[in-house]
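Worksheet: one structure, shown below.
Just so it is clear: chains get the letters A, B, ... in the order the sequence lines come, proteins before strands, and each one is counted from 1. From a predicted model like this one, the values you see are computed outputs, not experimental measurements.
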Amino acid sequence: MLLLTGPPGSGKSHRVLELIRAGLRRGSLDFRLLVPTATMAEHIRNQLAREGFALRPGLITTLWKFTAQWVQGHPEVPAAAVDLIVDHVLATRPPEAFAAVAGLPGFRTVLARLIDEFSSAGYDARRLARALDAADCQTPTTEAFCTVYRQVEREFHRRGWISRPERLKIAADEIRNRGLGGVREVFLDGFFTLSEPELELIDAIRKHVDVTVTLPLWEGSEVARLVLLRKKFAETRLDGASYRQPKVTLFTAHTIDQEAEEIARRILEQVAAGRQFREIGVVLRSRTPYVPLLQAVFQRFGIPARFYFAEPLDSHPIVRYLTGAVEAMLGGWEHEAVLELLKMTPSGFGATPACDRLEFAAISALPGKGLDPLRQLCDDPRLHALLDRLATLAPWAGLRQTQAEWAAAAKTLRSLVRTPAITDGVSHETAALWRSQAAALAAFDSAMDEAAAALPEGVLLPFSEFWRAAKIVLAESQLRVPDGRRNVVHVMDVYEARQWELPVVFVCGLLEKQFPMYHGGDPIFPEETRVALNRAGLGVKTTAARRREEEFLFDIAVSRAASELVLSYPETNAKGDPNLPSFFLDKSPLTPVKARPVRPARVPQNAGEAPRAPYLRDADLLDLVRVQHGTLRPTAIETFLACPFHFFLAHTLGLEEPPERPADRLGPALQGSIVHQTLAELQNTGDSLDAVFERVFNEVTARERVPAGCRTEMARIAMWRDLRQYLSEALRLVGWRIYTEQNIRFPIDEDTEISGRIDCYAVSPDKQAVVIDFKYSGPQGIANRIRGYEEGLHVQGALYLLGLHRLHGYTPAGWFYYGLRGEVKVDGWHIGLPGFEHIGTSCTPQELWERLEAVRAAAARAAAEIRQGRVEPNGRTTGGCDFCSFADVCRTAETEAVLVGTAAESL
Amino acid sequence: METVRTTEKPAFTLTREQLEAVERRGQDVCVVAGPGSGKTRVLVERFRRRVERGASPLRLLAITFTEKAAGELKQRLARDFAGQKKVREQIERAPVYTIDAFCAHLLREHAIEAGIDPQFQVLDAVEASAELSMAAEEALDSLLRDKPDELRSLFAALDLSDPVQGLVNVYEAMRVTVLDVPAESVGRNLAGADAFPRLLECIRGIVSERPRDWSPSQKLALAQVQEWCVRALELENRPVSPQHFHVLAEFDCNLKRLRRNNPIYEAVRGMKQKLVPAARQALIAEYYAPQRALLFEAIARLDAAYRRRKQELNALDFADLEELVIRLLRDREPLRNRVRERFDEILMDELQDTNPLQAMLVELIRKPDAFFAVGDINQAIYGFRHADPEVFRKFRDSIAAQGRPVDRLRQNHRSRGEILFAAEKILEGGDGIEPQELEPARKFTPKGEPSVEVIAAVAETAEEAAALEGRLLALRIRELEGSLLIEPRGGKPRPAELGDMAVLVRNINALPAIEEGLRELGIPFLITRGKHFYEAREVTDLVHLLRVINNPRDEISMAAVLRSPLAGLQNETLFRLKQIGNLGAALNWLDHVNTAALAPGELDRVRAFRERLCRLRSIADEVSPDRLLLEAIDGTGYESSLTPHARANLRKLLVRLREWYDARPRPLSRLVRELEELREADPDEPAAPPEDSTSAVRLMTIHSAKGLEFPIVFLAALHKGVSNESPPLTFSPAAGVVARWLDPATGEALKDLPYTLFSEEQRVRSREEENRLLYVAMTRAEEHLVLSMAVSGKSKRPKNWAAKVSEGLGINLADADNVAAVIEPSGVKPGRAFQVRVLCATSADTGEIRPMAAAPAGNEEELSRPPITGQQDSTASVTSIALFHACPRRYYLSRYLGWQAAPRAEIARVRDAEDEPLEASELGRQVHDLLADLPVLDATPQARDLVERFRASDLARRASSASRLEREFDFVFAIDECVLQGRIDLWFEERGRLVLVDFKTDDVDADSAAERARTYALQMQLYALALERFTGRAPSQALLYFLRPNVVVPVEVEPEHLAAARECVRDFLKAQSEMQFPTKPGSQCYRCPFYRGLCPAVQA
Ligand code: SF4
C-alpha cells in the first residue's frame, strides 16, 4: 500500500503513470487506475494510446464507473433531482422557520447546494442533526434545514434512488465480501482529498489487492492522509522543486480585454515559433468573466480553442426559443412575446424579409394577443406553418396528463426548431454551432425526462405543474457541447486542469475576489456553526478552509506548465478604477511586464469612411430630384434651410422611422395634430371646447392605438388646459372672417411651386389677410421660430400670406405664430393691427412686403439649391440638429473628446 | 494570539496630531481632517497599529466611501504585513467595505431573517432607475383604472408635466432619508397654516374703518379694498372652494393710493404683501386635501409595485440594502448584539458624506467607545444625494460634550500656503464653512511669482465672454506648460506638463467654450463627463448595426450604417438603393439597381456589406452580440478608422454587451430595444477611461475631482452657477411631501406651505454646499491655482462664485479692462498674506491658430491569423469510421454534428418499410447482451431465438473449446494521432490462431448477406488492427455472423486490407480537418434517416 504525497505539480500522477506504463509494457491488464472525472480518465487513456499502448477502457476509469458493477439496481439521484425535490418539499411542507423565503428560487438553490455538500461528504440528515446537537449550535434555521433534508432523503428513498456516499458504501460492502475478480492492483490518482465513504471503499479494496493512492499535500487532504497512514499505507513524499521549473512571466494589461488580447498575442507568438496549439493551455478560476471574452478574442485572432466548460442549458438559444414558445403559449400569445420568438434564428423565419416586415407591422399594431391576428399581418407560408405548429401547443394549457405524457409532449417541441441548412466545407466554428444546436435539443429532451422522473408517477397533472419542474431542471442542467478537435488551445478551469501538464500555460485574472474567489455568507450554516460542526467531527468547509482551498487551487493552476507559465491580471476594472491584484502573487513576487496593444491584421478594405460630397453629382439622380421637388411644402423648405442633408434624407430619400411602440405614440407630433384638429373643428362646428376636444382626442388616440394610461391622461389634461387657456386669452380680429385648414398651391418662381395647408387665416372685409400658424410648442419654440425668420431659416407663414395674395388678391396684413404649450405665446409681423399693438413686430405695409419678398427669394434660392442636389449637413451652424432624427446618419456630431472619470452627479 | 510585527516601517512619519488620532484609545474618536491632511493615512495607520498590537484584522470593520478606497486600503495593509502569513490571510478577508457592500454581505448571511432571496442581485443605478420609473407608471396606471376621476383631478391640480417623474422624485428622496414611507401628513402644524383666519381677522379690523383725514381719492381706494373685504368675509366658515381663490385673486390695491403712516395703511399693506399670499398657500393645501391623500396612495402603490418588480428580478437596489439591514438590526436585538460584538472597532472614512439612513445604520452597529470616524464638514458636497453633514457634526459635538478630545488635523501636506490662504480668505465667514486654519506643511521652494491667479474675460455678451475665457485659459495653459517648475512628491523639480494640469468646473455647460479654446490652441485634453457614452459616434455606429442585424427595414439605422465606415457608401448609392423601396430590403434586390451608374467600388462595397449582414443575421441569436460586432469590425477594418479614445469606447461597449448577454442571454430583438431605452434614458455612463493621460489636460467636474489632487488646477467658469430650481413634487424629512399646485381660480402655480419650508431648507443647504464645493475645488491644487471667470454686460458685475472670488480677493473688475497686475489682498490674518496675479482681458491673442493635433495613431501590433491544421477530432469510434466510409455525409450529420434524423414517419414515406416487431437497434442490444451473458430482463423471444441459433452453431462450438476467449472486448488504441475505441463481440484463440467474430442482426437473407458483409468489412479490419495491437498478432480469420439468416461470412484481414483500413482512418481524419463530407448517394440512402431530410442527396 503506497501513499504518494507531494505538493501540486510534484509529479505524483507522473509517477503513477510510469508504474502503469511499466505494467502495460509487461502486458498486464489486471490493474485499475481510478480517477475523479471522466475527462481525466479519457485524457489518460488517450495519452497512453497515443504512446502506442493498447488498452481496455475499463482499466482507467472514474471511481464512480468503477463502482457501477456493484451497485446495479440502485440508481443514483439524478443531477437536478435535489433541486426538484427541495422545491417540492418547500412548496408542500415548508418548515415554519423558512415560511418567508420558501417560495424564493435562490433559497431553494441554497438548500439544494447545502444538501449536496453534506450528502457528498457522507453526512446524512440524521448525522448532521446529531452533530448540531453535539456542537450545541442547533438553531431554528438549522433545525428547519435538517427537516427539509430528511424529507428530501425520504423522497429519494421512495423513488429508490441512492446518494453517492450510499453508492460507495454498497460498493465497499460488496467488494469486501466478494473481492475484485481478476484485478491485482488499484491506483487512485487526481483526488484533491478523499471523503469518508471514499476512504471506506479504499479500505475494502485494500483487503484484496495492492493499492496506490496519490494525495496532494495541503490542509484539505490532511485527514485523509492520516486515515491512510493509519491503514498502513507507506508514504512517499515527492518534492515539488525537482520536478518542473518552467519559466514564469507576469504581465499586466490595462483592461480585461487587453489582457485577453495579450494572451492571444503570446499564443500566436508561440505558434509562430513552432509550437502546436494543443501544447498551450489557459487556466481560469471560474467561467466568468473570462470564457465569453476569450471566446471572442480567440475567434478574432483565429486561434482554435476548446473550452472545457459547460454552459447553462437554459441560456442556449434553442432552449430559450423552446421555453419562449411555451411561455408565450401560457401567456396567451401576447404579440410582443410571439414576435420575439419568431424573430429568433431557431425559428428559421427570423432573418427573413417577411419577418422583418411582420415585425414592423406587428409593432404598429401592438398591443395584441393571439396567433390569428398575426396571420393576417403577413401571408408568408413559412410564418403560417410556424404559427400552425405553435397553435398545436394551445390545448396544453387546459389538459391534465401524466408526467410521462407531458415529457413526451414537451419533446415534440423540437419540431418548432427549423433545422439549419447543413452543408460541409464550412468552418469549424460553424460546425460547432450546429453541434451545439443538436446537443441542446438532445439535452432539452433529457431534461424533460428528468423532470418527469422526479414527479409522481401516473398522476394526472396540469401542464403548468410539469413545466415548473421542467424549468427547474433546465435551469440546473449544464450543456457540454462535444469538441474533440486535436490541435486546439485548451481553456479550462482549475479543476479540469489538475490532470493536465502542458508546455505553456496561462493563468489569468489574478485578482482578489477572482482568484482567490470569495464565497458569500451562508444563511443557514454561518461561520460559527461551521466551526462548531468541525469541532464536533463533521468536516464541513469554513471560510478559512475555503481560503486555503483557493490557495491550493492556485498552486495547482501554476504548476501545470512544463516550460512556460504566464500569469496575468488587468490593472483596472470596467469603471477604470484600479483592481486589487491577487494576494497569491505575493508568494513569489515577479516584476510585471506590460501587455502590448494588438489588433487583427487589416483585411483588404472594402469599407471605410465614405467621401462627403456637398452636392449630388449623378445626372440621373439630379433629374429625379428635379421631378420629385418641383412642388415643395414650406416645411420642407424650412428643413432644407436648416440642413440640406436632413432634407435629403427626409424628403428626397424619404427615410422612414421604425414604427412607434404604444408608449411612444402620443408624441409631440400627434399631440400637435390633436390640437390643430380641435382648433379647426371648434372653428367649424361652434361646439364647446370640452365636447370637441373630447371627440377629437378619443378619435385620434383610438385610430393611432394610443394606450390608455397615466401618461396619456396627463397629456390629455395638459392639452385641454392649454386649449382652454388659448381660448380664454385668444386675441380676436373683430369682423374678420376666419378660414381653417385650407389647402393652397402657388408658384414662387418659374421653377418652383409651393403647396401646403394653412392652419388658419383671417380676411377682413376690405380683403386684408392675416395668416395664423398654431404650434403646439412652448414660448421658446415660438421665439426660435421668430429668430428663424431673422436668420432666413423660416418661411412658412410668410409664404402662405404671399400665396393668399397671389391666389385671392388679398392684401397681406401680417402673419402670426401662436405657441400653445404651457402658456399662450403670440408673435409675428403685422401692419399695426388693432388689438395687436403689443404683439410681435408691427411695420408698414411696405416693410411687410419687403419681408415677404425676402422670404420668397430665400425659398426660391433654397428650391434652386435643392434642384442642384445640395446635400451638405449644415445643422450644426443653423441649430437644426436639436430635434433631428438623422444625427447618427450625418456623422457631423463632435465626437473627438474623450470622456473619462466618474459621473458628474450634480450637474 | 500571534505576536505581530510589521515587516517594514511605514513610508512616512506621522505628525504629532496624526499620531494622537492614531493612538487615541478608550473613547470614540472623531478626526476632523482638513483637505490634504492625511486622513486616509491616519485611518490606515490606526488599523495597522491595532493589528500590530494583536487585534485581528477580521474584527476591525473599515467603511470607506468608494470601492476603490476599500481596495487601496486592503492593498496597503497587505503590503505592510506581507511577511506574516496568518495576518496577511486575515487582511485579505478583513471586513473592509463600502457601506453598501457591508449591507449586502450582512444580508446574504441573514437572508432568512430578512425574508429575502439569499441569491439576490444588486441593481445598478441605471437598472434601478428604469425599474422605478416603470413601477411609478404602473402605480399611476392602476390608480387610473381604480379611481379615474380622482386621479384626473390630481393631475389637473398639480403644476406638473411628468407625474411619473414627480412620483419618482418623491419616492427616491424618501428612500434615503426616512425608513418608512410616511403616511399622509395633513394637519402638520406648520407656521402659516392659520393665515386665512388671520386674514379675516385683519379684514374685520379695517372693513368698517372710515378715516376722516383721507383725501377723496384715498377714501375711494380704501372703499374698493373694503368692498373686497366684504366679499372675503362672506367666505368665513365656508368649506374651501374655488370661490375662495377667486376672491383672493381679485385682491388688488395700489398702496400708493392710500394714505401712509397709519394703522389702516399698515393693515392693507400686510394683507397685500403677506396675508393674502399666505392665505392662498394655506388654503391650497386644504382645498386639495383629497388630491394630496391620493398622492400618498400613489406613493404607496409605487412602493408596492417597485418592491414586486424587484422581487421578480430577485434584486435589491442600494436603498434596500440599507433599509433591510436597519430593519433587521433594529428589530432583532440578539442579532444586533452579535453584529456589534463581531467588531472591536469600526473605522469610517468621510463621515460627512453619509445620509440619514446610513447614519442610522452606523448607530445600530457601533458599540460605545469603539468608533473611529474621519471627516470634514467643509468638504461635505453630496447634499444633492441627501448626504447630511449634520451626522458628522453631531458625532463630533457629542464627543466634545463628554469633555473628550476631538482630533483635528490642521496640517496640510498638499498645497502651497498661498493657495490655502486664498481659499481661506475667499470663504472666510461663508455659510456652511467652519473656520479652520490650515497649516501648510509641505515644503516647497519659494517661487518668484504668485501661486494664485485670477483671469477675467470681459466682453459684451455672455457668449463672447465665455468664449474669451476659453481662449485665455488655453493661452495660460500653453504658457505654464514647460515654464512653471513643479516639485512632484519624492521627485526632482521639473517643468510642468499638460498631464499635471486639471480644469475643474462646477457646471458641465461651461465645458464647450473651454473645449473650444483648447482645441483652437491644439491642446490635447481628456474630459470628465458623466453622460453621453451612448452618443459617441463609434457607439452609435455599432448600436445601429445591431439594429440593422435585427431588422434591416429600420431605414434610419440602415442609412447610419451604410454611411459609416462599416459600409462606407456614398449618398448617391443610398439614393439609388432607395429607388427600389425600403433601403434595407433593397439590398436583396440589387439586380433592380442601376449598378452601372454607381461610383467605382460602390457595388463591391454594397455586396460585401450585404454578405456580411446576411451572415451576421444568420447567427444573430447564436453568438453573443459582442462577437457579432467584432466580426463586422474586423471584417471592415472599422477599428482602424478610430482614434485611440474612440477605440476605448468601442471596447467598453463590447465589454458591456458581453457582460449583459452573459449574465442574461436574450434575443437580439430585445437587446436592441433595451439599448434604445438606455440611450434615451441617457444614464450617467462615463466613456471609457483612457490608458495614457500624461500628455493631456484633464477637464472634469469638481465632484469627480473629489479625493484627487493636481499640481496645477484651473478652476474655470466661476461665473456659471447651477440651477437650483426645485422639482414640482418632492420630499424632505422636515417638510414631508411638498408640491406645487395650480390655483383653481387663476391656474397659477402655487406652492403649498410645506413647500415653503422645503424651499427655505434647500436655499440654506445649497448656499452652504456651494461654498464647500468651492473650498474643495480650490484645495485640489498643489502648487498653482488659476481662477477664471467670464464677465459681461454693462455693469461688468461678476456673478456667482466669480463675485465671491473678486470680493474675497478685493478685485474690482468694473474698471479693470486689459489689466495685468499682481495684487496683495488686504485684510488677511497675520502671517497669511499672499499675492494674486490678476489678468482682466477683453481680447486674447492666440497667435496663429493651431488646429487640434490629430489623435495619435494607434500603435497596435497587427497580428495575422495563424495557419490552422489538425482540427480533426482526437478520438473516434470504429463504428464512426465505418459509417464515414459508408457515407461521409451520414457520418457528418449523425455522429459529427449529432443531429437526430427526421421522425421516422418522414422516412417511412420514402421507403417500403416492413413491419418490424422490434426496433432494430433494440433487438441488436438485446442479442449482444444475451450473447455476452449479461442479464436481459426484457429479452424478447425473437432475441432469444437468434441467440440460440448462434449457440447451436459450429462457430459456437469452436469458441467454446478455444484456449482463450474474450467477449464484448472493448479497446482503445491509436492509429497515427487518432485514438480509436470500439468493442469486439467475440474473439478466441484456436490452435494459436486468432478468430474475430462480430454478430449482426441485420434483416437480410442468406443470399444478400455477403453483399451486406461488404459494408462491415472496414469495421472488422479495424477490429483486427486493435486485436493485433493487443496480442501482437493479426487475426487469421474475421467472421461476420448474420444471425437472422444464420450464415457466417468471412471478411478479408490480410496485411494489405489492414493497411487499407489504416488509410481509411487517415481519410477520415483528413475529412474532419478539412470539413469535407460529401454525400454518397446509393441504395443505402433508403436506410438512411437523413434521406430527403437534412441530406441533400437526390439521386439515390
Ligand atoms: S443632425 Fe444636424 S447636420 Fe445632421 S442631418 Fe440632422 S440637422 Fe443635419
When rounded to the nearest 0.5 Å, the distance separating CD1 of B/I619 from OG1 of A/T345 is 9.0 Å
Hey, does the side chain of A/R50 reach the backbone of B/E977 with a donor-acceptor pair shorter than 3.5 angstrom?
yes
Which atoms of B/F971 approach chain A - backbone, side chain, both or neither, heavy atom under 4.5 Å:
both
What is the distance from atom CZ of A/R617 to atom CD of B/Q570, rounded to the nearest 0.5 Å?
6.0 Å
Segment of B/D554 engaging chain A (4.5 angstrom heavy-atom cut-off):
both
Donor-acceptor pair, distance only, cut-off 3.5 Å: does the side chain of B/W899 make one with the backbone of A/W434?
yes
When you measure from the side chain of A/R486 to the backbone N and O of B/Q872, does any donor-acceptor pair fall under 3.5 Å?
no
With only heavy atoms counted, which part of B/A585 is less than 4.5 Å from chain A, the side chain, the backbone, both or neither?
neither
Report which part of B/F120 has an atom under 4.5 Å of a heavy atom belonging to chain A: side chain, backbone, both, or neither.
neither
NZ/NE/NH1/NH2 to OD/OE distance under 4.0 Å, B/E92 and A/R548
no
Heavy-atom distances under 4.5 Å only: say whether B/I556 touches chain A with side chain, backbone, both or neither.
both
Under 4.5 Å to a heavy atom of chain A? For B/D970 that would be both
Do any N or O atoms from the side chain of B/R553 and from the backbone of A/F360 form a donor-acceptor pair under 3.5 angstrom?
no
Part of B/S624 within contact of chain A (heavy atom distance under 4.5 Å)
neither
Give, as side chain, backbone, both or neither, the part of A/Y321 having an atom under 4.5 angstrom from any heavy atom of chain B.
neither
Using 0.5 Å steps for rounding, measure from the CD1 atom of A/I717 to the OG atom of B/S161.
12.5 Å
So, the part of B/L863 with a heavy atom under 4.5 Å from chain A: the answer is both
Any carboxylate oxygen within less than 4.0 angstrom of a Lys/Arg side-chain nitrogen, looking at A/D424 and B/R889?
yes
What verdict does the side chain to side chain donor-acceptor pair (under 3.5 Å) test give for A/Q437 and B/E622, after you've listed the backbone C-alpha separation in whole Å, the side-chain angles of each residue and the deciding distance to 0.1 Å?
CA-CA 9 Å; A/Q437 292 168 338; B/E622 310 284 347; 2.9 Å; yes
Treating B/R658 as the side-chain partner and A/P289 as the backbone partner, does any N or O pair qualify as donor plus acceptor under 3.5 Å?
no
Please determine, among B/H105, B/E89, B/Q981, B/E67, the option with the most heavy-atom pairs under 4.5 Å with chain A.
B/E89
Report which part of B/P1078 has an atom under 4.5 Å of a heavy atom belonging to chain A: side chain, backbone, both, or neither.
both
Which portion of B/N594 sits near chain A, non-hydrogen atoms under 4.5 angstrom
side chain
Over-ring placement of A/R56 relative to B/F969, 6.0 Å and 45° cut-offs
yes
Hey, is the main chain of B/A560 close enough, under 3.5 Å, to the side chain of A/D888 for a donor-acceptor pair?
no
Please determine, among B/K68, B/R627, B/Q871, the option with the most heavy-atom pairs under 4.5 Å with chain A.
B/Q871
Is a salt bridge present between A/D356 and B/R617, judged by a nitrogen-to-oxygen distance below 4.0 Å?
yes
Measure the CZ-CG distance between B/R576 and A/D618 for me, rounded to the nearest 0.5 Å.
4.0 Å
Side chain, backbone, both or neither: which part of B/D662 has a non-hydrogen atom closer than 4.5 Å to chain A?
side chain
Pair B/D162 + A/R711, salt bridge at N-O below 4.0 Å
yes
B/L583 portion near chain A, given a 4.5 angstrom heavy-atom threshold:
side chain
Under a 4.5 Å heavy-atom cut-off, does chain A meet the side chain of B/L574, its backbone, both or neither?
both
Given heavy-atom pairs under 4.5 angstrom as the criterion, report whether the side chain, backbone, both or neither of B/D541 touches chain A.
side chain
Please look at A/L433 and chain B and tell me whether the side chain, the backbone, both or neither of the residue comes under 4.5 angstrom of a heavy atom of that chain.
side chain
